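Notes to accompany the following structure.
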Amino acid sequence: MIVFDLLGMFLSAYMVGFLYYGLYRNITARFQRRIGPTVLQSFYDSIKFFSKEESISHGWMFYLGPVIMATGAVMTLFFIPFFYKSESFSGLSQYGNLFVVLYLMMLGPLGNAMGVGVTGNPFAAMGITRGLTRLFAMELPFYIAVIALMSINHSADIATIAANQPTMNAIEYPLLFIAAMFSFVAMMGQSPFDVVGAPVEVYSGPAAEFSGKFLALLMSQSSIMSFAKLVLMVNLFIGGAEGFLELLGKTFVLFLFVIAFGAMYGRFKTPQSVDFLVKVPTAIAVVGLVLATLGGQ
Amino acid sequence: MRILTLIFPLLTALAVLMISTSQSVWQMDLAVFGFENITVGLKATALSNFFAVLVAFSLFAVSLVSGKQTLSKSFYFLLYLLTWSLLLIVYSSDYLLFFVGWEVMSISTYLLLSYTLSREALVKYVVFAMASAMSLLAAIMILYTGAHSFMYVDAHQAYLALSDTLAVIFVVLMFFAFFVKIGVIGFHYWLVDAYTESHDFFTPYLSAVVSKMAVYALIILLLTVIDISTFSNSWISYTLAIFGLLSSLIATFKAVNENSMKRVLAYSSIAQLGYIVTVLSFADGVSGALYHSLIHTLVKLLLFINVAGIIYVTSKSKFSELGGLIYRMPQSFVMLLIGIIVLAGMPPLGGFASKYLIYNTLLENGNLLILAAMMFASAAAFLYIYKLIYGIYLGQPTSKKLESVKEVPFFFLIPQYIISVILVVLGTVPGILTPYLNTILTELKLQALPFTSVAVLNTETGSYNGLVVISAFALIFIVILFVLLSLKSKVREAKDRFDIAYCGEVPNEATHLHYGFSMGKELKRVGFIGTILKNSSRVFYDFISKQLFAFATVFRKIYSGNLSVNFNIAALFVLALLWWSLK
């Protein structure tokens, strides 16, 4: 039954997502020589936010913003198969390929931008502009890497690409992987590309007006989305997975790398991050693409 | 008046319907008029029907809006003349009638623009339109030398008969003519001003169909005259790919920097047509090009009509003077939202289908870097798309007057509703066009798209099921919304528009809270975007015009306007002619 399949995907992503989020806060704290919150702290936070007594609203579009964003995250999750071999946990992936996933990933942020815009808070809109500016820059190296993979495999189907890896794509096409990893760090909202929310530095960012249950919904979707992105990356570059343990192991290694990277570097300014992303990783990706396609022929 | 303005569009639609189902062919030998060996004809092919339907639909949509306007009779007459010329262009089966249609189109557009355009914009338009027409005429004449026929059926033979140099000149002249009409970057100098200043009810039509005529002409040129399937990977396809790509990239970043709504949409038209030009560099890109033409026609009608509505009720056309209209004009807001989702090419709606076809064509042909750049341009487009909706409807109102604005009159909303429904339907059943596209493709001797069901859009590298995507989206959306609404926590409405988190301060009337018009301005700090924004084709055209003036000054020295000098020149000329003829 597809409904149970989807429910399973949703619940596992929800739980693992929050677990990872807790781990992220804990591990980052250790990097900064703090003890940090417990692993389940983020989960408690979200429960608390969901049951907050009062939250402010700016009309119906304000409601729809977070809802569209959450819908985008769940849709993205459903179109990425967890395992390349088995039928279960493949969700809706047979009905759309990688192009669909790449666009679904951007659906949420664009939807939320409407909700943010309607608040009339200029700082929140500023955050959206920073986000959209970073968006196109960070997608460029990732697109090139992904397009190279699609061309090598003659398919835009994620499961096909995941299955067709005698050795991992990350090892076979290291340049593509490195370029995609830069984008991936940005997609996960980690330093040096965390210009959207710019935590602790400026009083702004898309979440400025959201409180209570709206914030809780945004937190939940962000956990789900993080897990979906990790699964996508594992499928594309790290050989996919056959079972839950393998998936968890591979996503965790990837996740650990991303947060370690994020903890290591300071934040770019927005123009700097765009400039860097369209130069260094893009150049690496183009070289990788040329080498990969020449090797294929 | 309302009913009267609808009669002609309905008749046009009926005529197109009758012509398109009848498969009729009409030919005439001009020997009757003393021109030997010249045949002209009209023919209803599947391709021309496709564009004719776009024309008829656009005229209908625009006429629905213009109902209550006080437009003069001559304006309507010219609009109908323009429509007829467009139909002549698509239904002609030879380059002679095509050229007649092209000329009438250019001139009637000029007259329609002359109602509202400033002198400078009008001169720009007419210079470019005439250059385009003359270059087209020259190209047609070159082609005529090949087979002594204007008919499309002989055109390929004629093209092959041309010498190499002539063939190159022919293609360059044709490209120039069509690139000017499409507004490919570098040839777009007239377009932005003309779109911005043209009458609000004419702009949708101008953007939706007049630019599509060049797309139609390009398809005819590439597939029946040049036959690009045999010439792929030649300089012809590279030229198209590079110009299309540059249009998409540069126009996208230019759009971000504009403050006027119609200018943003004008640049967006250039960028969107850039996708079409790029994908036409491959023979099998025709399906994507046609699909995108349809989507672009619909979405630009929707957006320009929406913007016309905003200008009608607020009489403001700049982002810096608008803002915060969402709860005063909720229906218009939802229409614009649908429009921008399609313009962004987002999955649940129709815009994704055409993007999907374009991307898959580029992937199958192995043009990977062009594909990456296209997707990059399409992601960068979110910036101006967000600016469009934020600047008008979101954020804070910039003046007191905006707080008492009412929803636009219903006649603005009717065409928007019709188009939105079509776009949603296309998103749900993207494959519904496949059988029709296949008749066009087989007619052009191209490989047909695989077809399984109306809900699925198939390409060789994969398929996507619109029905599943949109229903999954709707279901998940409803579930999440239901969960959010059923939570026990209370929601308090914001007191007024100043009830926001503002760095611990309390903003008031005097605080600048609308971020709309400066949105994207900071992009010029990014190196390559700054370069794009700083430079303009204006520099080049100013240089050309300066050189022309210098030349004219020298010429004026001889041809000074003095009667006796003129007489002497004329006498010398006659003498020279006599000498030459007697020799």
Side-chain angles (χ1 to χ4, degrees), chain A residues 50-59 61 63 67 70-71 74-75 78 92 95-97 99-100 103-104 106-107 110 113-114 117-122 125-126 128-129 132-133 135-136 139-140 143-144 147-148 150-151 154-157 203 208-209 212-213 217 271 274-275 278 286 289 293, chain B residues 324 326-327 337 344-347 352 356 359-360 363 366 368-369 371-372 375-376 379-380 382-383 386 389-390 394-396 461-465 468-469 472-473 476-477 480-481 484 487-494 497 499-503 512-515 519-520 522-523 525-528:
Chain A
F50 266 126
S51 52
K52 268 269 191 205
E53 269 185 15
E54 193 181 80
S55 41
I56 198 165
S57 144
H58 293 266
M61 193 63 223
Y63 267 84
V67 175
T71 311
V74 177
M75 287 280 279
F78 286 169
L92 303 171
Y95 298 111
N97 55 17
F99 284 118
V100 179
Y103 266 82
L104 282 177
M106 293 185 282
L107 182 67
L110 209 63
M114 304 303 146
V118 82
T119 64
N121 187 328
M126 228 173 262
I128 293 288
T129 318
L132 292 176
T133 309
L135 176 91
F136 67 79
E139 297 288 357
L140 182 60
Y143 282 158
I144 299 175
I147 286 165
M150 290 198 272
S151 165
H154 299 290
S155 167
D157 182 45
Y203 188 79
E209 282 292 317
K213 58 184 180 183
L217 188 61
V274 173
D275 230 15
V278 298
V286 170
L289 178 125
T293 42
Chain B
I326 171 172
Y327 295 127
L337 186 60
M346 279 293 169
F352 183 69
Y356 185 84
Y359 293 162
N360 274 299
L363 182 66
L368 307 179
L369 284 175
L371 171 58
M375 292 176 78
F376 173 67
F382 293 159
L383 262 172
Y386 184 61
I389 197 160
Y390 181 90
L394 306 177
Q396 302 260 5
T461 44
S463 62
Y464 117 86
N465 191 323
V468 169
V469 173
F473 183 86
I476 298 168
F477 183 86
I480 294 177
L481 188 64
L484 189 74
L487 283 173
K488 223 169 47 195
S489 73
K490 272 198 301 267
V491 173
R492 176 175 69 85
E493 282 291 320
R497 65 191 181 89
D499 191 4
I500 51 174
Y502 196 72
C503 297
H512 288 291
L513 289 173
H514 193 59
Y515 183 58
M519 182 177 283
E522 63 275 14
L523 269 181
R525 284 185 225 143
V526 181
F528 76 102

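Note on naming: letters A, B, ... go to the chains in the order of the sequence lines (proteins, then strands), and numbering restarts at 1 for each one. Keep in mind the model is a prediction, meaning the values are calculated, not measured.
- The contact between B/Y327 and chain A is made entirely by side chain atoms (from C-beta outward), counting heavy-atom distances below 4.5 Å.
- Among the candidates B/G527, B/P347, B/A344, the residue making the largest number of heavy-atom pairs closer than 4.5 Å to chain A is B/P347.
- With a 4.5 angstrom heavy-atom cutoff, A/L110 touches chain B only via side-chain atoms.
- Using a 4.5 Å cut-off between heavy atoms, B/L487 touches chain A through backbone and side chain atoms alike.
- With respect to chain B, the highest number of heavy-atom pairs below 4.5 Å among A/A156, A/G59, A/G212, A/S51 belongs to A/G59.
- By the 4.5 Å heavy-atom criterion applied to side chains, A/I147 and B/M375 are counted as neighbours.
- The closest side-chain heavy-atom distance from B/L368 to A/Y143 is not below 4.5 Å.
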* To do: Show your working on side-chain contact (heavy atoms from CB on, under 4.5 Å) between B/M346 and A/L104 and close with a plain yes or no.
  => CA-CA 7 Å; B/M346 279 293 169; A/L104 282 177; over 6 Å; no

* To do: Step by step, work out the side-chain contact (heavy atoms from CB on, under 4.5 Å) result for A/I128 and B/Y386.
  => CA-CA 9 Å; A/I128 293 288; B/Y386 184 61; 3.3 Å; yes

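- Using a 4.5 Å heavy-atom cutoff, the side chains of B/F376 and A/I144 are not in contact.
- The two atoms that bring B/I480 and A/V74 nearest to each other are CD1-CG2, 4.3 Å, heavy atoms only.
- Taking the six-membered ring wherever Trp is involved, the centroid distance between the rings of B/F382 and A/F136 does not fall below 6.0 Å.
- Of the charged side-chain nitrogens involved, at least one lies within less than 4.0 Å of a carboxylate oxygen, so that A/E54 and B/R492 count as a salt-bridged pair.
- Of all heavy-atom pairs spanning A/L140 and B/A372, the tightest one is CD1-O, 4.1 Å.
- Proximity to chain B (any heavy atom under 4.5 Å) is shown, for A/I56, by both the backbone and the side chain.
- Distance CZ/B/R497 to OG1/A/T119: 13.0 Å, rounded to 0.5 Å.
- Proximity to chain B is limited to the side chain of A/L289, based on heavy atoms less than 4.5 angstrom apart.
- Residues A/Y103 and B/F352 meet the side-chain proximity criterion, which asks for heavy atoms closer than 4.5 Å.
- Contacts between A/S151 and chain B at a heavy-atom distance below 4.5 Å involve backbone atoms as well as side-chain atoms.
- Counting non-hydrogen atoms of neighbouring residues, nucleotides and ligands closer than 6.0 angstrom, the CZ atom of B/F477 exceeds 12 such neighbours.
- Side-chain contact check for B/L484 versus A/Y63: some heavy-atom pair is nearer than 4.5 Å.
- The shortest heavy-atom contact between A/P122 and B/I500 is CD-CD1, 4.0 Å.
- The two residues A/N121 and B/A501 come nearest to each other via the heavy atoms ND2-O, 2.8 Å.
- Looking at A/T129 and B/Y390, their side chains never come closer than 4.5 Å, going by heavy atoms from C-beta outward.
- Heavy atoms closer than 4.5 Å to chain A are found in the side chain of B/L363, but not in its backbone.
- The two residues B/V491 and A/S57 come nearest to each other via the heavy atoms CG1-CB, 3.1 Å.
- For the pair A/F99 and B/L371, the tightest heavy-atom approach, listed with the atom from each and the gap, is CZ-CD2, 4.4 Å.
- With respect to chain B, the highest number of heavy-atom pairs below 4.5 Å among A/E139, A/M114, A/H154 belongs to A/M114.
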